[in-house]
Every structure is written in structure tokens, then in C-alpha cells.
Asker: 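Here's a structure for you.
Computed from a prediction, not measured in an experiment: that's the story for all the values here.
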Amino acid sequence: MKINTKLSALCIAATLMSVAQAAAAAPAVTAPAEATQPSVANPAASNPAASAPTQVPAPAASASATTPAPAQAPSVPAASTPAAAAGSAKAASPVAPSAPAQRPSTSVAPAAAPTVPSTAKPSKPQQPSTSAPAAAATSVKPTQLDKLNHESAVPLVLEAQSRYQYAISGGSSVGESFQLNGKSYRYLSEDIGTKTKLISYLTQAYTKQASEQFVGKFFVEVNGRLAQLNADGGNLLEFGRATAKMVTMTPVKRSYLLTVPYPAQTKKANEKITVNFEKVGSYWKISSAPHVIF
């Protein structure tokens, strides 16, 4: 009799356990994650018959009845994992601001635009360059002097002195020497080695008459080549520090009185030299012979 009672109790406990398992499994499929947890506990509390087996001193039955409950716990997190996945998806969504992070990089590209004004800055140095020709226009070449005054007269005298010294020294190099009438002569360099070349060179600063007067006095022509006495000439006057004062003036002829100093160490008084000018074509030339001035 006792054995039958125990067997019947075991059967009832097994039946209740299977019912509890079925009831616990059903909400896991149909109910949300949060509702499954209450549904697992409710079937045992709502069924009055379930309280009877709990009082039965059957360790195996109670252990087997409680064992499925932890098994259902993983099923609850399993249902909740989509929420975690949704949370992880939300957490992944901040990656989208990386696209705005690229926007600053696009805004950096317009920063290169200010380099265009930097190219406009060189335009400022071009303004002085345009004014430079204006300054150059005031400094006319002495050999192309179309307006003569007390300031422009001195540069023309300096140009004439330079050409005189080049010719009287024989040119770019000392030519071959030879004897003529008991005197030593030397040929002029190739660039001024003929009368035509030397006259053309001198008339850049002198009139043709003044140039021919100078050539006829200091040079001789031998076999078509010009030669001069083998000697050097010159003086110590510093024409670069000379001052000019106009003495006479006509539309095509003028005279200036030059005050020319000696070097300070010589302790000599300044020289007063009159230089005549004549307008030839569009430009002013010196009509005094070179050897008369220098």
C-alpha cells in the first residue's frame, strides 16, 4: 500500500513537472523577453496542485523540477540578445559621424583658396617695376642726349673723356711696334685700327670735325692701318667731380664753363675749361677737339 502511494505520488510529480515544462516553454516562444520571466513562475503559483508536490519529500523529483528553471534562464537572455544587438547597432550608429569628420577635410580644401591672393601679392612688386622705366627714362644715354643743360653736360663730357682715353692708349691692346722716321710707333687695336673705324667710334660723343682734327694730329696711316707714337698720355683732372655753367646758348650751339678739380693730395687749384657743344641731328655732341679739353 505504501509502495502504491509513493508510485502515485511520483507519477503525479512527473506529470506536474511535464506540465510545468510545457507551460514554461510556451511563453518563451510567444511572449516578449520581459514577459517570459513572470510566466515561468506563474504556472506553479496559479496551479494549486503544484503546491502538493513541493511538500513531497522526493529529492529526485524536486531536483528534476528545479533543474528546468535554470535551463529556461538562458532562453530569456537569448530572447533579450536582440535587444542587446539593437543596442550594439545603436552603438555602431555613431560611426556615421565619421562622414562629418570628412567634412572638415573638405573644408580644408577651400583653405587652399587663399593661395590665390598670395599670387596677387607679386603684383605689388610689379608696380615699382613699372615706375623703374620712368626713372630709367630720365637717365638718357650720353650718346643720345637730346636735351642739354648744366646737369646733362657733365655726363656727356665724361663719355667723351672715356673715348679719348681709349683711342690715345691704342685701343683694347697694344699693337705691333715699328720705327718710322726715327720714332717708335705702334698700331691700334683691330676695333679702331682704321681711320673709318676710329672716326665712327669718336663721333658717338664728338662732332665729325672735332674727331677728324684729333685723328689728324695724333695718328698716322701706314698701309691702311692707323698707328700712333709709342707713348701714353693723360692728366690728373677729375672730370667726374666737375661742375658746369652755361656761358653762351643758341638753338644748336652752346658753351659751358667747367670747373674741374685735381685730386685733393695734389693741392692744386681747380681748372677752368670751356667746352663747346653742337646739336647734330637730334643729339648734342661736343664740338671741341678731345686734346683741347683733356
Side-chain angles (χ1 to χ4, degrees), residues 135-136 138-175 183-186 188-189 191-192 198-220 226-294:
T138 57
S139 58
V140 181
K141 292 182 178 180
T143 56
Q144 298 177 354
L145 186 63
D146 57 353
K147 294 181 180 180
L148 185 66
N149 54 44
H150 69 282
E151 292 181 350
S152 60
V154 175
L156 181 53
V157 171
L158 289 175
E159 179 68 23
Q161 182 190 30
S162 175
R163 292 176 183 269
Y164 162 76
Q165 289 179 342
Y166 185 81
I168 205 68
S169 62
S172 59
S173 61
V174 177
K183 295 181 180 180
S184 178
Y185 286 81
R186 64 188 180 194
L188 274 63
S189 61
D191 56 335
I192 56 172
L198 182 56
I199 293 295
S200 177
Y201 175 74
L202 292 172
T203 51
Q204 297 296 313
Y206 299 91
T207 61
K208 185 177 181 180
Q209 183 180 0
S211 300
E212 290 177 344
Q213 184 181 355
F214 170 65
V215 172
K217 185 175 181 63
F218 291 93
F219 302 92
V220 295
L226 283 182
Q228 64 181 161
L229 287 171
N230 202 356
D232 294 326
N235 57 53
L236 298 176
L237 291 173
E238 296 182 344
F239 283 88
R241 298 195 295 125
T243 59
K245 182 179 179 180
M246 188 174 60
V247 178
T248 62
M249 181 183 72
T250 68
V252 294
K253 292 185 179 181
R254 295 180 186 178
S255 297
Y256 284 85
L257 180 64
L258 269 62
T259 302
V260 187
Y262 281 97
Q265 60 270 22
T266 60
K267 297 181 180 181
K268 290 185 177 180
N270 298 337
E271 291 283 349
K272 302 289 186 178
I273 302 174
T274 300
V275 181
N276 299 320
F277 298 83
E278 183 177 341
K279 196 167 189 179
V280 180
S282 299
Y283 305 129
W284 287 93
K285 308 292 182 182
I286 294 179
S287 58
S288 300
H291 57 281
V292 175
I293 304 172
F294 309 109

Asker: Once you round to the nearest 0.5 Å, how far does CG of N149 lie from CZ of R254?
Answerer: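 Separation between the atoms: 8.0 Å.
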Asker: What closest approach, in Å, do V154 and A244 show between heavy atoms, and which atom pair accounts for it?
Answerer: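 Closest approach of V154 to A244, heavy atoms only: CG2-CB, 4.0 Å.
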Asker: When you measure from the side chain of Q228 to the backbone N and O of G170, does any donor-acceptor pair fall under 3.5 Å?
Answerer: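 Checked: pair present.
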Asker: Taking the side chain as every heavy atom from C-beta outward, state whether L258 and V157 have any atom pair closer than 4.5 Å.
Answerer: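 Sidechains of V157 and L258: in contact.
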Asker: Is any side-chain heavy atom of I286 closer than 4.5 Å to a side-chain heavy atom of V275?
Answerer: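 A side-chain contact exists here, since the closest heavy-atom pair is under 4.5 Å.
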Asker: Please report the shortest heavy-atom distance between S172 and S189, naming the atom on each side.
Answerer: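 The pair with the smallest heavy-atom distance is N-OG, 3.1 Å.
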Asker: May I have the step-by-step check of side chain to side chain contact (heavy atoms under 4.5 Å, CB included) for I192 and L226, ending in yes or no?
Answerer: CA-CA 8 Å; I192 56 172; L226 283 182; over 6 Å; no
Asker: Strictly distance-based, threshold 3.5 Å: is any side-chain N or O of S152 a donor or acceptor partner for the main-chain N or O of K147?
Answerer: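 Yes, the answer is positive, given that a donor and an acceptor are paired below the 3.5 Å cut-off.
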Asker: What is the minimum heavy-atom distance between S287 and A210, and which atoms define it?
Answerer: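 So the minimum-distance heavy-atom pair works out to O-CB, 3.6 Å.
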Asker: I want to check something: taking the side chain as every heavy atom from C-beta on, are K272 and T259 in contact at a cut-off of under 4.5 Å?
Answerer: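 SC-SC contact between K272 and T259 confirmed.
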Asker: Can the ring centres of Y206 and F214 be said to be less than 6.0 Å apart?
Answerer: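 Ring centres of F214 and Y206 not closer than 6.0 Å.
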Asker: Is any side-chain heavy atom of Y256 closer than 4.5 Å to a side-chain heavy atom of L156?
Answerer: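 Y256 vs L156: side chains apart.
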Asker: Parallel, tilted or perpendicular, judged at 30° and 60°: which one describes the rings of F294 and F239?
Answerer: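 It falls in the perpendicular class, over 60°.
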Asker: Within this structure, what is the OG-CZ distance for the pair S173 and R186, rounded to the nearest 0.5 Å?
Answerer: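 Atom-to-atom, S173:OG and R186:CZ are 10.0 Å apart.
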Asker: Enter the distance from L202:CG to Y164:OH here, rounded to the nearest 0.5 Å.
Answerer: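 Rounded to the nearest 0.5 Å, the CG-OH separation comes to 11.0 Å.
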Asker: So, does K285 use its side chain to make a donor-acceptor pair with the main chain of Q204 at under 3.5 Å?
Answerer: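 At least one qualifying donor-acceptor pair exists.
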Asker: First locate atom OG of S288, then atom CD of Q209, and finally report the distance between them rounded to the nearest 0.5 Å.
Answerer: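 One finds 10.5 Å between OG of S288 and CD of Q209.
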Asker: So do Y185 and L229 actually touch side chain to side chain, heavy atoms under 4.5 Å?
Answerer: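 A side-chain contact under 4.5 Å exists here.
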Asker: Could you walk me through whether Q213 and H291 pass side chain to side chain contact (heavy atoms under 4.5 Å, CB included), step by step?
Answerer: CA-CA 9 Å; Q213 184 181 355; H291 57 281; 4.2 Å; yes
Asker: Can a donor-acceptor pair be found, under 3.5 Å and without considering hydrogens, that links the side chain of T203 to the backbone of K208?
Answerer: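 No.
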Asker: To check you understand the geometry: which heavy-atom pair defines the closest contact between V260 and A242, and what is its length?
Answerer: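 For V260 versus A242, the nearest heavy atoms are CG2-CB, 3.9 Å.
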Asker: What distance separates L145 CG from F277 CZ, expressed to the nearest 0.5 Å?
Answerer: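 With rounding to 0.5 Å, CG (L145) is 8.5 Å from CZ (F277).
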Asker: Using the side-chain hydrogen bond (donor to acceptor under 3.5 Å, both in side chains) rule, pick out the option among E238, K268, E271 that qualifies with Y262.
Answerer: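 Of the listed options, the one satisfying the test is E271.
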Asker: For E159, give me all partners under salt bridge (charged side-chain N to carboxylate O under 4.0 Å, His left out), at least two apart in sequence or on another chain.
Answerer: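 E159 satisfies salt bridge (charged side-chain N to carboxylate O under 4.0 Å, His left out) with R163 once adjacent residues are dropped.
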Asker: Closest heavy-atom contact between N276 and S255?
Answerer: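 Taking N276 first and S255 second, the nearest heavy atoms are OD1-OG, 2.8 Å.
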Asker: How close do T248 and M246 get, counting heavy atoms only, and between which atoms?
Answerer: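 Scanning both residues completely, I find the closest heavy atoms to be O-CG, 3.7 Å.
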Asker: Do L237 and I273 make a side-chain contact, defined as non-hydrogen atoms from C-beta onward lying under 4.5 Å apart?
Answerer: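 A side-chain contact under 4.5 Å exists here.
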